[in-house]
Amino acid sequence: MMTVYAAKWCPHCQKTVAFLKSRNIPFHYVEIEEAPEDVVRKVDEVNGGEWVVPTIEFNGSWRPGKAFNEKELIQDLNRMGLELK
């Protein structure tokens, strides 16, 4: 199952979540500002020392937080093991 670490106030998070829903891609949403400290530390680690959202984990692969770009998101999700076009 994919996990999306995001924030309600983040427009890039909202766009990423909407994209995943539009493609019927199941995911677990984690509100980063309400996450346990160990989760926040992992997101910090993935992003080079600070939490940046949306950060995505799927099958042990991580996508650091990035501004929403549909083409780039599709490429990254394919690299992580999904088969999107």
Side-chain angles (χ1 to χ4, degrees):
M1 169 78 64
M2 179 179 298
T3 302
V4 178
Y5 301 89
K8 292 177 229 168
W9 50 262
C10 169
H12 300 291
C13 298
Q14 293 171 3
K15 290 177 184 178
T16 298
V17 166
F19 171 83
L20 295 172
K21 287 179 178 179
S22 75
R23 296 291 187 105
N24 295 316
I25 299 169
F27 64 93
H28 174 69
Y29 179 93
V30 175
E31 180 64 35
I32 193 68
E33 292 181 322
E34 298 170 6
E37 179 136 351
D38 61 323
V39 171
V40 174
R41 276 196 305 269
K42 180 61 180 176
V43 171
D44 285 350
E45 177 187 319
V46 168
N47 287 287
E50 62 182 336
W51 62 261
V52 181
V53 290
T55 297
I56 298 172
E57 186 275 327
F58 182 68
N59 286 341
S61 294
W62 288 82
R63 179 185 193 256
K66 297 181 183 182
F68 181 80
N69 175 300
E70 184 173 322
K71 183 177 179 181
E72 187 176 311
L73 179 58
I74 289 170
Q75 290 172 342
D76 289 346
L77 293 176
N78 284 334
R79 177 186 51 77
M80 295 169 81
L82 292 177
E83 295 183 22
L84 302 175
K85 294 184 183 194

Test side-chain contact (heavy atoms from CB on, under 4.5 Å) applied to Ile56 and Met80, step by step
CA-CA 10 Å; Ile56 298 172; Met80 295 169 81; 4.1 Å; yes
Chi angles and distances behind the side-chain contact (heavy atoms from CB on, under 4.5 Å) call for Asp76, Lys66:
CA-CA 11 Å; Asp76 289 346; Lys66 297 181 183 182; 3.0 Å; yes
List the steps, then state whether side-chain contact (heavy atoms from CB on, under 4.5 Å) holds for Thr55 with Val4.
CA-CA 6 Å; Thr55 297; Val4 178; over 6 Å; no
Using the rule given for side-chain contact (heavy atoms from CB on, under 4.5 Å), can you reason through Val40 versus Tyr5, listing the C-alpha separation, both sets of side-chain angles and the distance that settles it, and then say yes or no?
CA-CA 9 Å; Val40 174; Tyr5 301 89; over 6 Å; no
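The pair Arg41-Glu37 meets the salt-bridge criterion, since a charged nitrogen lies less than 4.0 angstrom from a carboxylate oxygen.
Under a hydrophobic clustering in which Ile, Leu, Val, Met, Phe, Trp and Tyr are joined whenever their side-chain heavy atoms come within less than 4.5 Å, directly or via other members, Trp62 and Phe27 fall into different clusters. A single hydrophobic cluster is seen to contain both Phe68 and Leu77, as judged by linkage of ILVMFWY side chains at heavy-atom distances under 4.5 Å, directly or through other members. Both Leu84 and Leu20 belong to a single network of hydrophobic side chains, linked directly or stepwise wherever heavy atoms of I, L, V, M, F, W or Y lie under 4.5 Å apart.
Between Glu45 and Glu50, the closest side-chain pair of non-hydrogen atoms is not below 4.5 Å. Looking at heavy atoms from C-beta onward, Phe19 lies out of side-chain contact with Gln14 at the 4.5 angstrom threshold.
Taking all atoms of both residues into account, the shortest heavy-atom contact from Ala35 to Val30 is CB-CG1, 3.9 Å. Here the shortest heavy-atom pairing between Gly65 and Asn47 reads N-OD1, 2.8 Å. A pairwise comparison of heavy atoms in Ala7 and Glu31 identifies CA-OE2, 3.3 Å as the closest pair. The heavy-atom pair separating Val52 from Val43 by the smallest distance is O-CG1, 4.2 Å. Between Arg23 and Ile74 the shortest heavy-atom distance is NH2-CD1, 3.6 Å. Across every non-hydrogen atom of Phe58 and Gly81, the tightest pair is CE2-C, 4.2 Å.
For the residue pair Trp9 and Glu33, a side-chain donor N or O sits within less than 3.5 Å of a side-chain acceptor on the partner.
If you take CE on Met1 and CD1 on Ile25, they are separated by 12.0 Å, rounding to the nearest 0.5 Å. Considering CD1 of Ile32 and SG of Cys10, their distance stands at 11.5 Å, rounded to 0.5 Å. Between atom NZ of residue Lys15 and atom NE2 of residue His12 there is a gap of 6.5 Å, rounded to the nearest 0.5 Å. Distance check: Gln75 CD to Leu82 CG gives 13.5 Å after rounding to the nearest 0.5 Å.
Checking side-chain atoms of Asn59 against main-chain N and O of Ser61 turns up no donor-acceptor pair under 3.5 Å. In this structure, Asp44 contributes its side chain and Gly49 its backbone to no donor-acceptor pair below 3.5 Å. Checking side-chain atoms of Glu57 against main-chain N and O of Arg63 turns up no donor-acceptor pair under 3.5 Å.
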